[in-house]
Amino acid sequence: MKRQIDVTFLGPEKVAKIHEASLTLLETVGMRVGGERGIRVLRDAGCEVDADGMVKIPRALVEEALETVPKELVLYNRAGEKAMVINAENAVHFGTHADQLEFVDPDTGKVRPFLKADTKTMCTLADALPNIDFILSVGMSKDVAPEIQTQISFIETVKHFSKTINFSTNDIDSLQEVIDIAAVVAGGKEALAEKPFIFNYCEPIPPLSHPEESTEKLIISALNRIPVVYMPYCMMGGTAPMSFSGALVQCNAEALGGLVVHQRTCPGAPFIYGAMPSIMDMISSIGSYGAVEFHLMVAAASELVSHYGLPFYGTAGCTDAKGLDIQAVSEVTQEIFSTLLSKANLVHDVGVSDHCNSVNPELVVLCDEIIENLKHYVRGVDVDDLDEMVEIITRTGPGGAYLTEKHTMKNFRTIHYPKFFSRKMKNPETSEVRAKIRESMHAILATHKVPALDEAILAELDAWTRTLEARPNSNPMSDAS
């Protein structure tokens with residue numbers, strides 16, 4: 001979906017100032033970098049490295065990385081078909097989670113630990129919903145041993161989801177294994193690199209730190225030519241200055257530092273810039289997912305990244321509320337509206353609740369409808385048909401009616417008619433919206449069939465599962481209640 005409305009959150013002058021301040025930070029303060037390979041990449045590039053792992057990155061390296069990194073990204077679905085083209089035309093695509101720490105059970109509506117079987121539920125919903133384009137496989141199922149959570153969650157996701165898969169890993173070793181598993185589905189590593197149906201997610205640790213786990217994930221992704229998101233999560237007042245501009249500058253410096261490591265490893269490897277400049281709530285001490293300031297700064301960061309010409313990974317459709325209540329609906333609506341007006345391309349965390357502790361399938365279904373509603377807003381107003389309209393208005397004349405016009409019959413379906421929200425002449429005394437959402441959710445889970453993988457591929461995935469589960473310390477967790 002392409003957006004026609006152009007909204008400015010920073011403007012060229014502020015973008016230039018943030019960029020310049022970020023380069024100054026990288027050159028004069030530097031970043032603490034971990035991992036032998038990460039440090040070696042930067043030292044070989046001419047960076048100054050001190051005994052504590054502080055690395056000063058010259059602006060010339062940043063400018064070089066911004067030249068070599070691809071400006072267009074093509075992502076595929078599991079079948080190898082083109083699914084998303086991310087470029088300066090500013091298309092936006094939304095994604096939800098395949099797993100999370102906790103799960104809002106679709107049968108009971110109560111929050112409980114996320115279990116392996118719940119991945120199929122989330123994948124089935126996301127596969128069916130038209131405005132959900134990708135899913136994030138994390139590795140958090142309570143009934144799977146931590147040592148293999150990442151790999152097992154990914155296997156379950158790829159078995160039950162036919163669209164593009166975003167994934168993150170609990171450690172460095174599991175990253176290469178996930179890529180190897182994905183290669184089974186794609187038909188080999190070369191085929192996977194040529195038509196990636198997966199993209200990786202990793203983070204630095206604000207402020208100004210890139211530990212070994214972060215640099216290694218960048219390097220492994222680059223060497224395998226797998227698209228990778230690098231996303232600082234900066235909390236104003238906690239891990240970033242209590243200032244919009246300060247948080248944006250720090251986030252930008254951290255992301256650009258990661259870009260240099262990535263591009264110096266493998267020039268031209270696909271890279272996705274992410275930023276989560278949020279707030280630390282000084283009453284509760286949480287990093288807020290629903291704060292209006294968070295989503296304002298995400299929109300501003302997307303404009304900065306648009307200046308670089310890079311794909312931007314944003315956040316929307318999430319809430320600090322635990323359940324699907326007035327707070328949740330208010331927060332996800334303002335976030336989706338904000339991100340649709342911004343220059344974000346890939347937008348994650350749809351349906352994430354309780355400041356990223358749980359995922360709520362009912363909320364994902366509602367967000368799909370909210371996205372559909374607001375897509376019709378951001379398309380803007382077309383005036384190419386004015387000559388025809390003047391003719392119709394003239395013919396109808398004063399006091400006339402357009403209900404019987406052929407043009408009305410031909411075009412009334414271009415207006416969006418919501419599935420869940422009421423426009424009845426006489427509304428019921430109590431809202432039917434929640435019941436409609438639940439009915440739609442259960443209908444999808446009962447009837448939607450994800451296209452099955454080839455039997456030979458399924459057999460290889462099952463072999464991977466047996467191998468993983470046979471490892472020492474990989475017995476399921478005992479208390480999954």
Side-chain angles (χ1 to χ4, degrees), residues 26 31 33-47 49 53 55-76 80 84-87 164-169 171-183 186-204 210-232 252-275 305 308-313 345-346:
L26 288 164
M31 301 274 161
V33 177
E36 290 183 9
R37 285 207 294 184
I39 292 174
R40 184 168 65 248
V41 164
L42 293 172
R43 182 181 281 118
D44 290 348
C47 294
V49 183
V55 181
K56 294 180 180 178
I57 303 175
R59 67 180 56 214
L61 289 181
V62 177
E63 291 164 357
E64 178 187 280
L66 288 169
E67 284 294 321
T68 61
V69 65
K71 302 304 188 292
E72 180 172 277
L73 173 67
V74 181
L75 294 168
Y76 295 79
M84 293 178 265
V85 178
I86 312 299
N87 55 31
T164 307
I165 300 174
N166 186 197
F167 72 96
S168 66
T169 63
D171 52 53
I172 297 168
D173 293 339
S174 58
L175 171 55
Q176 187 61 60
E177 290 195 322
V178 166
I179 294 171
D180 293 344
I181 293 166
K189 288 186 179 179
E190 288 186 9
L192 180 63
E194 182 181 348
K195 293 184 175 182
F197 74 93
I198 60 170
F199 62 106
N200 186 20
Y201 172 96
C202 61
E203 304 173 336
H210 304 263
E212 180 178 14
E213 185 171 272
S214 302
T215 57
E216 278 297 303
K217 288 179 179 181
L218 284 172
I219 290 168
I220 293 169
S221 298
L223 291 173
N224 285 273
R225 310 289 293 191
I226 297 300
V228 60
V229 177
Y230 204 56
M231 186 177 224
N252 191 42
E254 290 162 350
L256 292 177
L259 175 65
V260 171
V261 173
H262 184 263
Q263 288 300 294
R264 291 297 301 190
T265 298
C266 192
F271 181 91
I272 304 164
Y273 182 126
V305 177
Y308 297 141
L310 298 182
F312 181 79
Y313 187 84
N345 305 117
L346 296 160

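Residue numbers start at 1 and run along the sequence shown.
Among pairs with a residue in residues 193-204, those fulfilling side chain to side chain donor-acceptor pair (under 3.5 Å) read Asn200-Ser221, Tyr201-Glu203, at least two apart in sequence or across chains.
Leu218 is listed as a side-chain neighbour of Val228, based on a closest heavy-atom distance under 4.5 Å. Using a 4.5 Å heavy-atom cutoff, the side chains of Ser168 and Cys202 are not in contact. Between Phe271 and Pro227, the closest side-chain pair of non-hydrogen atoms is not below 4.5 Å. The shortest distance between side-chain heavy atoms of Arg37 and Leu223 falls below 4.5 Å. In this structure, the side chains of Thr265 and His262 stay at 4.5 Å or more apart for every pair of heavy atoms. Side-chain atoms of Val41 and Thr215, non-hydrogen and from C-beta on, never get closer than 4.5 Å to each other. Using a 4.5 Å cut-off on side-chain heavy atoms (C-beta onward), Lys217 and Thr169 make contact.
Qualifying side-chain contact (heavy atoms from CB on, under 4.5 Å) partners for Arg59, counting only residues two or more places apart in sequence or in other chains: Glu20, Leu23, Thr24, Glu27, Glu63.
Between Tyr308 and Tyr273, the ring-plane angle classifies as tilted under the 30° and 60° cut-offs.
Tested against Ile272, the residues Tyr230, Phe312, Phe199 include a single side chain to side chain contact (heavy atoms under 4.5 Å, CB included) partner, Phe199.
To the nearest 0.5 Å, atoms CZ (Phe197) and CD1 (Ile226) are separated by 8.5 Å.
No side-chain donor-acceptor contact under 3.5 Å links Glu72 to the backbone of Ile86.
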